[in-house]
Protein chains: 2
Amino acid sequence: MRIGELATRTGLTVKALRFYEAAGVLPAPERRPSGYRDYDEAALTRLRFVRAAQAAGLTLAEIRQIVTVREHHGPPCRHVTALLEDHAVDLDRRIAELTALREEVRRLRDRADRLDPADCDTTAICHVIPTDG
Amino acid sequence: MRIGELATRTGLTVKALRFYEAAGVLPAPERRPSGYRDYDEAALTRLRFVRAAQAAGLTLAEIRQIVTVREHHGPPCRHVTALLEDHAVDLDRRIAELTALREEVRRLRDRADRLDPADCDTTAICHVIPTDG
DNA sequence: CTAAACCCTCCCCTGCGCTGGAGGGTCAAG
DNA sequence: CTTGACCCTCCAGCGCAGGGGAGGGTTTAG
């Protein structure tokens, strides 16, 4: 099938498919004499994997590593498990950061309700945001 | 003072200070005949505000808006409060997304411990990441 | 035969907050 | 006079996942 059909069947854009090929997560397909890409059904399987991996928070670079391991060294399961482990740790850290930030923002916002704009002088810019120093 | 001294006194880099000026969060200072920037003490106050606002999760574009409001329309407190409100909502959404993702990642990772790499076939790439379709 | 839909490559653009480097000028000390 | 530490402007790039559009060629239906 041509790239447009693959796009509609996967819900991706033609641009994205060409980008995936350049990124190394979708193998370069055969070409017709006209130069048009000609995909087989395996492309659908591959793209399902790419989407599932993206949904699990993996980057295209990581997905490329996985398919490379698969093609050269056999089942990449251990590698994938390590990647997931790293991502879980990373997510924990980012969630903790964002949660702390959210509490700080709410604290500032609640405090702002008890402040009078008239008390705010020019040099401070805005006393809703305290400079603490 | 010259830009290097301002940099060391604020802990920022010379590059960052010039960038802040271009971004409109730090006013362009006087210039010496040599063309060197010559800052006064107000620059320190301004930079303290910029850092505090960044710590509250505001972008430089938002900070530029705040100082613009301050300079043209008086106390920006109401504007700042609205910004903080928006950020809080946004943070809630992002935290919820990341939390859901983290649970999915942990679920996949735990499931992986119960899978045998030998069961993994080539077309599936890696059965640790199920394609569900 | 022609128009429309499709495809190709190539290069630039987005947001964010900077950083690095090239290629110069300035200023003080030795 | 020279060295070195500053300073200037302008250009380029990072990482991420593509999107937009120019300027062509191809296929297909009427």
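Sequence lines set the chain letters: A, B, ... in the order given, protein chains first and strands last, and positions in each chain run from 1. Predicted, not measured: the structure shown is a model, and the values here were computed from it.
Heavy atoms of other residues, nucleotides or ligands lying less than 6.0 angstrom from CZ of B/R94 number 12 at most. No more than 12 heavy atoms of other residues, nucleotides or ligands sit less than 6.0 Å from atom CZ of B/R51.
The phosphate of D/dG19 (OP1 or OP2) has a side-chain N or O of A/T13 nearer than 4.0 angstrom. Taking only side-chain nitrogens and oxygens, A/R37 never comes nearer than 4.0 Å to OP1 or OP2 of C/dC7. Between D/dT27 and A/S34, a contact under 4.0 Å exists linking OP1 or OP2 to a side-chain N or O. Contact check, B/R2 against D/dC6: no side-chain N or O comes under 4.0 Å of OP1 or OP2.
Note on B/R32: nothing from the nucleic acid sits closer than 4.0 angstrom, heavy atoms only.
Side-chain to base pairing of B/Y36 with C/dG25: one donor and one acceptor N or O lie within less than 3.5 Å of each other.
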Which is it for B/R46 and B/E71 under the salt bridge (Lys or Arg N to Asp or Glu O under 4.0 Å) test, yes or no, and what are the steps along the way? CA-CA 13 Å; B/R46 171 62 61 95; B/E71 280 157 11; 3.3 Å; yes
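One can place CG of B/L47 at 15 Å from P of C/dG17, the figure rounded to the nearest angstrom. Rounded to whole Å, the distance from CG on B/L58 to P on C/dG17 is 10 Å. When the P atom of C/dC16 is taken as reference, atom CZ of B/R94 falls 11 Å away, rounded to whole Å. The NZ atom of A/K15 sits 13 Å away from the P atom of D/dG18 (whole-angstrom rounding). For A/L6 and C/dC6, the CG to P distance is 15 Å, given to the nearest whole Å. Protein atom CD of B/Q54 is 11 Å distant from nucleotide atom C1' of C/dC16, rounded to whole Å. As rounded to whole Å, 11 Å separates atom P of D/dG18 from atom CZ of A/R51. With rounding to whole Å, A/R18 atom CZ is found 7 Å from C/dT9 atom P.
At least one side-chain heavy atom of A/R2 sits less than 4.5 Å from a side-chain heavy atom of A/R32. The closest side-chain heavy-atom distance from A/I66 to A/F49 is below 4.5 Å.
Considering only side-chain atoms of B/F19, the nucleotide from C/dC18, C/dC7, C/dT9 that sits closest is C/dC18. Of the candidates C/dG17, D/dC8, C/dC8, the closest approach to any side-chain atom of A/I3 belongs to C/dC8.
Heavy-atom distances to DNA chain C give each of A/E5 and B/P33 a nearest nucleotide, and the one nearer the 5′ end belongs to A/E5.
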